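Notes follow the structure.
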Amino acid sequence: MTARLLIVGPQGSGKGTQGVRIAEAFGVPAVSTGDVFRANISEGTELGQQVQAIIAAGNLVPDELTSAVVRDRLAQDDAAPGFLLDGYPRNLGQVGDLDAFLEERGESLDAVIELDVPREESISRLTKRAEEQGRTDDTAEVIAHRLSIYENETAPILDVYRERGLVVAIDGIGSLDVITERILTALIARGLTPAS
Ligand code: AMP
């Protein structure tokens, strides 16, 4: 069976880690737009050069560029049985782009996983990650900016998906394994069947 999933949550909610685990359980690729951009930056590609300063400042890469990256990735063969998108869509414009892409292909989303983590917890996790990984967009100032973009531009996409009955809200506080189990249980309850 197919599984077309989104995982949405503030920076530091653990959505990257959980996204990979859930994608693996369903046998579909986890596609993180942030990871795609970072890989392009480190390889020095044209795309990497275009987005480097935007990402370092914590701003959103233009929709046109981001949606083109996602369309190319989802058109690859390994995404035929489905996908888990992490970090996309990030605003209402991208929701429209994804809708159009899926509609062209006669496909639709199965569920949107909302990972709930309070702001203070996000900030403390991101600050810790900054110390461990030294990401250029993990400075205190940029973290605050990224969280405010999340609250103003990304959180509203959940209202759209909630109206469509797609949102599965998950408490993001707990151990990694407990949270993975919560997500899997909620998806199974919606009729989705993991591959493993
Ligand atoms: P992330 O790893 O998801 O936190 O993404 C890191 C950065 O990549 C973000 O702060 C944005 O600058 C950029 N980015 C990732 N996904 C998107 C997206 N869907 N739309 C615009 N910019 C994005």
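Since the structure is predicted, the reported quantities are computational estimates derived from the model, not experimental observations. These values consider heavy atoms only, across backbone and side chains, with no hydrogens, waters or symmetry-generated copies. Atoms within a ligand are numbered from 1 in the order they appear, just like the ligands themselves. Counting begins at 1 with the first residue of the sequence.
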Legend entry - Audit row: Arg182, Asp177, salt bridge (Lys or Arg N to Asp or Glu O under 4.0 Å) steps and yes/no: CA-CA 9 Å; Arg182 273 181 206 150; Asp177 286 348; over 6 Å; no
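For the residue pair Ser32 and Tyr88, no side-chain donor N or O sits within less than 3.5 Å of a side-chain acceptor on the partner. Side chains of Gln18 and Thr180: a donor-acceptor N/O pair is present below 3.5 angstrom, by distance only.
Of all the atoms in ligand 1, the ones that sit under 4.0 Å from a non-hydrogen atom of Phe37 are 8 (O), 13 (C), 14 (N), 15 (C), 23 (C).
Residue Asn59 touches ligand 1 through its backbone alone, judged by heavy-atom distances below 4.0 Å. When heavy-atom distances to ligand 1 are checked against a 4.0 Å cut-off, Thr66 comes that close only through its side chain, counted from C-beta outward. Looking at His145 against ligand 1, nothing comes within 4.0 Å, counting heavy atoms.
Taking CZ of Arg164 as the start and CG of Leu109 as the end, the distance is 7.5 Å to the nearest 0.5 Å.
Inclusion of Gln94 in the set of residues having an N or O under 3.5 Å from an N or O of ligand 1 is warranted. Residue-to-ligand polar distances place Gly87 within reach of ligand 1: an N/O pair is separated by less than 3.5 Å.
Test Leu85, Val8, Ile7 against Val112 for side chain to side chain contact (heavy atoms under 4.5 Å, CB included) and you get one pass: Val8.
Closest to atom 7 (C) of ligand 1 among all protein heavy atoms lies Ile55 CG2, 4.0 Å. Nearest protein neighbour of atom 16 (N) of ligand 1, counting heavy atoms only, is Thr33 OG1, 2.7 Å. Atom 22 (N) of ligand 1 has its closest protein heavy atom at Val61 N, 3.0 Å. For atom 1 (P) of ligand 1, the closest heavy atom belonging to the protein is Arg90 NH2, 3.6 Å.
Proximity annotation for atom 6 (C) of ligand 1: of Gln11, Lys15, Arg146, Arg38, Arg38 comes nearest, heavy atoms only.
Listed by chain and residue number, Arg4, Asp110 satisfy the side chain to side chain contact (heavy atoms under 4.5 Å, CB included) test with Thr2 (two or more places apart in sequence, or in another chain).
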